[in-house]
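Please read the structure below before turning to the comments.
Counting convention: from 1, in listed order, for ligands and their atoms alike. Numbers here are sequence positions counted from 1.
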Amino acid sequence: MNVAQLLARTAQVYPDAPAIFRGTRLVCNYRELARRAACIAGYLRNTLKLVPGDRVALFMTNNTEYLEAMYGIWYAGLAAVPINAKLHAREAEFILQDAGASALFLSDDMADVLPALQAPDLRATFVAGGDSYDELLRAAPIAQIEPRTRNDLAWLFYTSGTTGRPKGVIESHGNLLAMTMCYFTDVDPASRDDAIVYAAPMSHGAGLYNFPHVLIGARHVVPDSGGFDPQELVGLAAQLRNASLFAAPTMVKRLVEHVAATGADTSGFKTIVYGGGPMYAEDIRHALAVMGDCFVQIYGQGESPMTITALSRAQLAERNHPRYDVRLASVGVAQSLVEVRVADADGKPLPPDTVGEVLVKGAPVMQGYWNNPEATAQALHDGWLLTGDLGSIDADGFLTLRDRSKDVIISGGSNIYPREVEEVLLLDPAVHEVSVVGRPHPEWGEDVIAFVALHPGKTTTVAELDTLCLDHIARFKRPKEYRFVELLPKNNYGKVLKTELRKILMQETNRK
Ligand code: AMP
């Protein structure tokens, strides 16, 4: 089944239901959203002569045309290639070339990058809101949605590429439909009264969550700012009510700090889904205290979109559970359409509470990497996806992530999981953010180094941080050095770039 059927069905059953908003202003209902998608599809197929399976890229900041364009692509049986709008033109160019994109949608604020882009397969470019886009909307609508099978490519999702070139993950129609069902069972029973707010890039997790909300006929809201502004978000939730959103842990932290400082009313928020990077136990504890039980955690990766595990609202609310502290620091339990296991280097399942690589198998798991059979063979073994994340599963089925395998520090032959040290350092109320990495050491292999950013106006000392570590973790895990910094380097999704921190340390070592 083609994911476009989700929109067609809602447009048929609830044609007048409000579909897309810019801020609090209604842009169109479901009838009109489906009409626009069908016209875009008509143009792409009949005028541009694209054929099913061709790739069409979107290099757009969040805007109200995003969903129209994506569903136009799917109505036509084509595949969408959403590119993170914060990427450099050269990076976008790599993706256009790698995907062999035949057409490109740009938001008007990106139009000036066009002359810089070289993509030989590109036959047409449309600037959202411009003349070329209006022409699409005037085209004759496609007669019917192009049928697609479960395994056909729907969304070519480029990994963030913190190590080497980004790879195109083949997310099929079947993968995305499975993810949609998991949203209802494991994350949130979305309803027609909900408003999903796109505060994070629509090219990534936030955009993937359009599917359950299109299926149920909810409202889709693009903030006026196009992104994440805590004050705007609080205002939007208050007016729209039943607001849901996907946010990276760093965004949740900023939102919670804003609410704690202003005492703003947050009753308009229904569900805040966080994930995509580690949420420290102290931070989620604080978030729950400030905003109440509106949080759900997911753990996923492009290769199993939004669907490996989830820590539900109910589990986060069960404060009297004897293992509550462990659960709070975990990423929850396997989502309903996947099997999750922790395995050794040979893929053999490990007993409870033993650290190994996290493996996942099931309907949402990718088909492979685009034009990259070697990487596919490395990542998929017998249907199991090797996530590259290390963790352990307890007897109750809760998965606790340690780190990405490449982030583990090996010092004097012992494994040190940076996350564990980071959790301890965050117990100091002066510490705002922290990242722990290894530095090459001639004798020990690696040394533990902590980069620490403090809350403005607050202070702490190396001695205090050291005492905290000695009180909580083994001596050999404690940092040999603390570096106080103003900010930690982050990628476009707000993830701390440990590669950058390691590079700094490596350069210093080489200079010596
Ligand atoms: P990406 O494919 O860019 O979305 O990155 C996926 C990676 O982000 C995963 O393999 C994990 O290392 C990390 N990640 C995702 N969700 C979580 C989470 N809830 N907690 C900790 N790390 C996470």
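Distances from ligand 1 to the non-hydrogen atoms of Leu401 include at least one value under 4.0 Å. At least one heavy atom of His204 sits closer than 4.0 Å to an atom of ligand 1.
The distance criterion of under 3.5 Å between nitrogen or oxygen atoms is not met by Tyr274 with respect to ligand 1. Taking only nitrogen or oxygen atoms, main chain and side chain alike, Arg419 does not reach within less than 3.5 Å of ligand 1. Of the polar atoms of Gly276, at least one N or O is found under 3.5 Å from an N or O of ligand 1, judged by distance alone. On a distance-only criterion, Asp389 and ligand 1 share at least one N/O pair closer than 3.5 Å.
Residue Val331 approaches ligand 1 through these ligand atoms, each under 4.0 Å from one of its heavy atoms: 18 (C), 19 (N), 20 (N). Remark: ligand 1 atoms within the under-4.0 Å shell around heavy atoms of Ile298 are 16 (N), 18 (C), 19 (N). Numbered from 1 in the order shown, with element, the atoms of ligand 1 that lie under 4.0 Å from a heavy atom of Gln297 read 18 (C), 19 (N), 20 (N).
Nearest-residue assignment for atom 21 (C) of ligand 1 (options Gly277, Gly302, Gly391; heavy-atom criterion): Gly277. Looking at Ala248, Gly300, Gly275 and measuring to atom 15 (C) of ligand 1, the nearest heavy atom belongs to Gly300.
Aromatic pair Phe105/Phe59: ring centres not closer than 6.0 Å. Between His204 and Phe246, the gap from one ring centroid to the other reaches at least 6.0 Å.
When non-hydrogen atoms are compared, ligand 1 lies under 4.0 Å from neither the backbone nor the side chain of Thr159.
There is a side-chain donor-acceptor pair under 3.5 Å between Tyr71 and Asn210. Side chains of Ser225 and Glu232: a donor on one and an acceptor on the other come within 3.5 Å. Counted by atom type alone, Glu422 and Tyr280 present one or more donor-acceptor pairs between their side chains at under 3.5 Å.
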Practice item. Just do the side-chain hydrogen bond (donor to acceptor under 3.5 Å, both in side chains) check on Gln301 and Ser304 with the steps written out, would you? Key: CA-CA 5 Å; Gln301 56 176 209; Ser304 186; over 6 Å; no

